[in-house]
Structure formats: structure tokens, C-alpha cells
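Every chain is numbered from 1, with letters handed out A, B, ... down the list of sequences.
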There are 2 protein chains.
Amino acid sequence: MGRPARIDRDAVLGAALAIADAEGLDAVTMGAVAERLEVTPMALYRHVASKADLLDGLVERLLTELQVQPQRADAGWSEHLAAAARATRVSARRHPAVFPLLLQRPATTVSARRVRDAIEGALREAGVASDLVSQTERLVSTAILGFAVSEVAGRFARHSRRQLDADFERLLEWLGQLIESQTLH
Amino acid sequence: MGRPARIDRDAVLGAALAIADAEGLDAVTMGAVAERLEVTPMALYRHVASKADLLDGLVERLLTELQVQPQRADAGWSEHLAAAARATRVSARRHPAVFPLLLQRPATTVSARRVRDAIEGALREAGVASDLVSQTERLVSTAILGFAVSEVAGRFARHSRRQLDADFERLLEWLGQLIESQTLH
DNA sequence: ACCTGAACACCGTTCAAGT
DNA sequence: ACCTGAACACCGTTCAAGT
């Protein structure tokens with residue numbers, strides 16, 4: 001006993017994410033992850049309960065990596081919102097295979113809450129009434145996630161990058177407009 | 001030769017969809033589909049090129065089943081849009097396992113075009129300028145699909161049906177508002 | 001405490017053979 | 001023309017055994 005650990009949960013998730021990014025979700029098998037770590041597949045089960053647990057871990061890692069800037073005081077709510085939305089899209093493009101899984105789990109983890117708080121903060125800053133903040137956050141996040149997932153999952157495969165950039169900017173304008181219409185002036 | 005066919009592609013897709021609806025996507029194996037048709041798994045390959053092709057077929061079937069009402073003359077564009085959106089949500093709830101796959105493929109098939117045409121028709125009817133119609137359709141559809149997928153895939157699992165109904169109605173109001181703001185008054 | 005070898009039930013897919 | 005039997009490479013997962 002006291003045998004030095006050669007891998008840990010973080011290493012497992014890191015290897016799995018690298019495979020997912022490079023070869024897609026189907027390539028993420030216990031065997032492939034193990035091989036990358038120079039270990040047998042069975043060794044993974046000490047650090048991950050199951051393959052489903054491994055995928056949950058990947059989703060959590062995406063959320064953790066998602067850079068939501070600490071609110072800069074010199075920028076307004078609409079810049080804060082746009083920054084969070086753009087960071088979300090960047091994360092989607094960096095991890096196209098894993099990102100769509102975000103639609104499958106309620107945002108209950110610590111890092112998910114961080115992202116939500118950032119958006120809710122922007123909404124309050126904009127002047128959205130307290131009792132409308134959480135519904136508004138859900139719908140705003142849904143639109144942003146829906147776009148980002150569509151883009152990386154393939155629904156927009158026929159559209160150019162330039163077109164998608166323009167679509168996304170228009171989406172941000174719309175969201176800003178809607179939020180303003182929601183405030184007392 | 002001339003042996004009577006016991007199954008056809010439609011039967012394969014029907015069996016697969018029934019399994020997906022009842023037990024989820026993971027339960028859709030070639031073996032399970034074959035068993036339901038009282039046939040061996042190998043028999044499916046005459047009617048379906050691969051499992052990926054089978055899943056593509058399921059997505060296409062969802063689109064076909066999606067009831068987009070023929071535009072009723074006595075209703076306005078906003079009712080037409082709302083009707084298409086509600087039909088989309090109903091389809092999602094009926095086929096929660098398969099519906100999320102819609103985000104993975106460009107809407108290039110005949111039945112996908114039917115749905116898109118219905119929405120673009122509503123937009124034109126509303127008075128959206130021609131050169132904005134297709135971008136507006138993409139963003140409106142993205143919001144509706146994003147919501148419906150979130151709901152059936154589990155992202156809103158913590159929210160009550162009543163809350164989700166209210167969220168969806170608010171989303172429809174928003175979309176109507178945005179479209180109006182897009183017209184020449 | 002951590003990793004492995006052997007084993008199990010299952011998966012998608014092929015190909016030649018049967019009717 | 002349509003379905004099957006046999007076979008292949010692979011999959012996730014378990015459990016007892018090794019260090």
C-alpha cells in the first residue's frame with residue numbers, strides 16, 4: 001500500500017477532453033483515454049465512477065474553463081453581457097464535441113452558478129426588475145447556448161464563418177434591445 | 001428470389017423511434033430494433049446503411065411528423081409563428097431522445113424546408129425586409145429550438161412544467177416584439 | 001492504495017450461405 | 001431479393017489478484 005498514484009481524476013478528464021476535441025465524442029472510449037495515460041482501461045475506474053460520470057466531469061471542466069471576466073467597472077451592463085456571451089461561444093468552438101452536453105444538465109454546479117450570476121448581474125445592472133431576472137436569464141442563456149450549440153454541432157454547417165459572426169452580433173443586439181424593453185425605461 | 005420483404009425502411013425507423021421514445025437513445029441498438037421487428041440485427045442493413053443512417057432517418061421522421069399548420073387566412077403572422085413554435089415544442093416533448101439531434105444537421109431536407117418556409121412566411125407577412133428574412137429566421141428558430149432542446153434534454157429539469165410554460169410564452173412574446181421592431185413600423 | 005489480467009455481456013458490422 | 005449464422009474487432013464494467 002501507499003503506492004504512488006500515476007493518474008488522478010484531473011488527468012483522466014484532461015486526456016478525455018483532449019481526445020474529444022481532436023477526434024469527437026465517439027472517440028472518447030475508456031480504452032482510448034487509458035492509452036493516452038499509458039494505463040489500462042480498468043485503472044480509470046478508481047478515479048471515475050463510470051463513463052457517464054466521466055462525461056459529466058467533462059461538462060464541468062468546460063464550465064470551469066469558461067472565462068467570464070470579473071465585471072469591469074468601466075464597462076456597462078451590455079458590454080458585460082456581450083463579454084459573457086462571447087466567452088461562451090469561444091468555449092463552444094474550442095470544445096465542439098463536449099459543449100452540446102451543456103443542454104443536458106441543470107446548471108447546478110459551482111462553476112455553472114458563476115456563469116449564471118454574471119448574466120444575472122448584468123441584468124440587474126441594466127435595471128431589470130428583481131422578479132423578472134431569473135426568467136430573463138434563462139431565456140437569454142437559452143438563446144446564446146442554442147446558437148453556440150447549433151454552430152458547433154453542425155446545424156449551421158452550410159453557413160460561412162462570416163455569416164455566423166454577423167448572426168451572433170445581431171443576436172447580441174436583439175438581447176440588448178429586449179433587456180432594455182424590460183426595464184422601467 | 002422474389003422473396004417477400006418482411007420489413008422495410010419505414011418499419012425499421014418506426015421501431016427505432018418507439019424504442020427511443022420509451023427508453024432513450026442508448027436503448028436504440030441494432031439488436032433491440034431487430035428484436036422488436038422479430039428479425040435478426042443483420043437484416044436491418046438491407047434497409048439502413050448504418051446506425052448513423054438510422055439516426056439520420058429518425059431526425060427526418062421527426063421533421064415529417066411535425067405539424068406545421070397550413071397558414072390559415074383568418075389568423076395573423078404572430079399566430080402563425082406561435083403555432084409553428086408550439087408545434088415544434090410538442091414534437092420535442094413527444095420525442096425527447098431524438099429531438100436534440102435536430103441541432104446537429106443543417107435543415108436541408110424537404111420537410112425541414114417546409115418548417116423553415118412556414119416561419120419565413122410569417123416573417124414576410126409581418127413585414128420584415130426581404131434581405132433580413134433568412135437571418136431573422138435562423139435566430140428565431142435557434143431560440144425556439146434552444147428552448148425545446150433544453151427542456152427535453154434535461155437542462156430545465158429543476159423547473160416545473162408551469163414555469164416552463166410561462167417561460168415559453170414569454171419567449172414567444174419576445175420574438176413577436178423583435179420581429180415588429182424589424183419592420184418598417 | 002493503486003493498477004492489472006482475465007472474464008462477461010454486449011455492441012456495430014462483414015460476408016458467405018441459405019431460401 | 002431478402003434474411004440468417006458465424007465471425008470480427010470493439011465496447012463498458014466486474015472482481016479477484018498482484019505490488
Side-chain angles (χ1 to χ4, degrees), chain A residues 1-61 95 97-98 100-101 104-105 153-154, chain B residues 1-61 95 97-98 100-101 104-105 153-154:
Chain A
M1 45 182 171
R3 178 172 173 170
R6 302 169 55 178
I7 58 173
D8 57 11
R9 184 178 169 92
D10 217 58
V12 173
L13 296 180
L17 187 55
I19 294 169
D21 291 348
E23 304 171 58
L25 214 55
D26 286 350
V28 180
T29 65
M30 301 304 265
V33 174
E35 189 181 10
R36 181 174 260 259
L37 296 169
E38 296 184 306
V39 113
T40 64
M42 303 79 87
L44 303 180
Y45 286 90
R46 190 147 303 268
H47 308 283
V48 125
S50 63
K51 183 166 181 194
D53 180 45
L54 187 156
L55 293 177
D56 279 358
L58 289 187
V59 173
E60 180 59 12
R61 249 180 100 114
H95 307 294
V98 177
L101 301 181
Q104 298 186 10
R105 330 224 164 264
Chain B
M1 45 182 171
R3 177 173 175 170
R6 303 169 54 178
I7 58 173
D8 57 11
R9 185 179 169 90
D10 216 58
V12 173
L13 296 180
L17 187 55
I19 295 169
D21 291 348
E23 304 171 58
L25 214 55
D26 286 350
V28 181
T29 65
M30 301 304 265
V33 174
E35 188 182 10
R36 179 174 260 261
L37 296 169
E38 295 184 307
V39 112
T40 63
M42 302 80 86
L44 303 180
Y45 287 89
R46 189 148 303 268
H47 308 283
V48 126
S50 63
K51 183 165 182 195
D53 180 45
L54 187 157
L55 294 178
D56 279 357
L58 290 187
V59 172
E60 181 59 11
R61 250 180 99 115
H95 307 294
V98 177
L101 300 182
Q104 297 186 11
R105 330 222 165 265

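- For A:Leu55 and D:dC11, the CG to C1' distance is 14 Å, given to the nearest whole Å.
- Minimum atom distance to the side chain of B:Arg6 is reached by D:dC3, of the listed D:dC11, D:dC3, C:dG12.
- Here the C1' atom of nucleotide D:dC2 and the CZ atom of B:Arg9 are 17 Å apart, to the nearest Å.
- Atom CG in A:Leu44 sits about 13 Å away from atom P in D:dC11, given to the nearest Å.
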Quiz item: Given Watson-Crick or G-U pairs with both distances under 3.5 Å, what dot-bracket string fits DNA chain D, with | for other-strand pairs and [ ] for crossing?
Solution: ||.|||||...|||||.||
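- Atom C1' of nucleotide C:dT13 and atom CG of B:Asp53 are separated by 14 Å, given to the nearest angstrom.
- Applying the salt bridge (charged side-chain N to carboxylate O under 4.0 Å, His left out) definition to pairs two or more places apart or across chains, those involving residues 41-53 of chain A are A:Arg9-A:Asp53.
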Less than 3.5 Å apart, which donor and acceptor atoms pair up between the side chains of residues 13-24 of chain A and the rest of the protein, not counting sequence neighbours?
unit_1	atom_1	unit_2	atom_2	d
A:Asp21	OD1	A:His95	ND1	3.0
A:Asp21	OD2	A:His95	ND1	2.9

Which pairs of donor and acceptor atoms, one on a side chain in residues 34-43 of chain A, lie under 3.5 Å apart (sequence neighbours left out)?
none

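- Among C:dC3, D:dC11, C:dC15, the nucleotide with an atom closest to any side-chain atom of A:Thr29 is D:dC11.
- Near DNA chain D, meaning a heavy atom under 4.0 Å away, there are no residues from residues 12-23 of chain B.
- Protein atom CG of A:Leu25 is 15 Å distant from nucleotide atom C1' of D:dG12, rounded to whole Å.
- Looking at heavy-atom distances under 4.0 Å, B:Ala5 makes contact with sugar-phosphate atoms alone, never a base.
- Look at CG on B:Asp8: it is 14 Å from C1' on D:dC3, rounded to the nearest Å.
- Within the 4.5 Å cutoff, the side chain of B:Val28 has heavy atoms near those of the B:Leu54 side chain.
- For the atom pair CG of B:Asp56 and CG of B:Leu101, the computed distance is 9.0 Å after rounding to the nearest 0.5 Å.
- Across the protein-nucleic acid pair, B:Ile7 atom CD1 and D:dA1 atom C1' stand 13 Å apart, rounded to whole Å.
- Taking side-chain N and O atoms only, A:His47 has a distance below 4.0 Å to OP1 or OP2 of C:dC3.
- The side chain of A:Met42 approaches C:dG5 more closely than any other nucleotide in the set C:dC3, C:dG5, D:dT13.
- Within residues 34-41 of chain B, the residues approached by DNA chain D to less than 4.0 Å at the level of any non-hydrogen atom are B:Val39, B:Thr40, in residue-number order.
- Rounded to whole Å, the distance from CG on A:Asp26 to P on D:dC10 is 15 Å.
- Here B:Met30 lies in heavy-atom contact (under 4.0 Å) with sugar-phosphate atoms only.
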Quiz item: Would A:Asp10 and A:Arg61 count as a side chain to side chain contact (heavy atoms under 4.5 Å, CB included) if you check the C-alpha gap in whole Å, the side-chain angles of each, and the deciding distance to 0.1 Å?
Solution: CA-CA 9 Å; A:Asp10 217 58; A:Arg61 249 180 100 114; 3.5 Å; yes
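- Side-chain proximity of B:Tyr45 to C:dG12, C:dT4, D:dC3: nearest is C:dG12.
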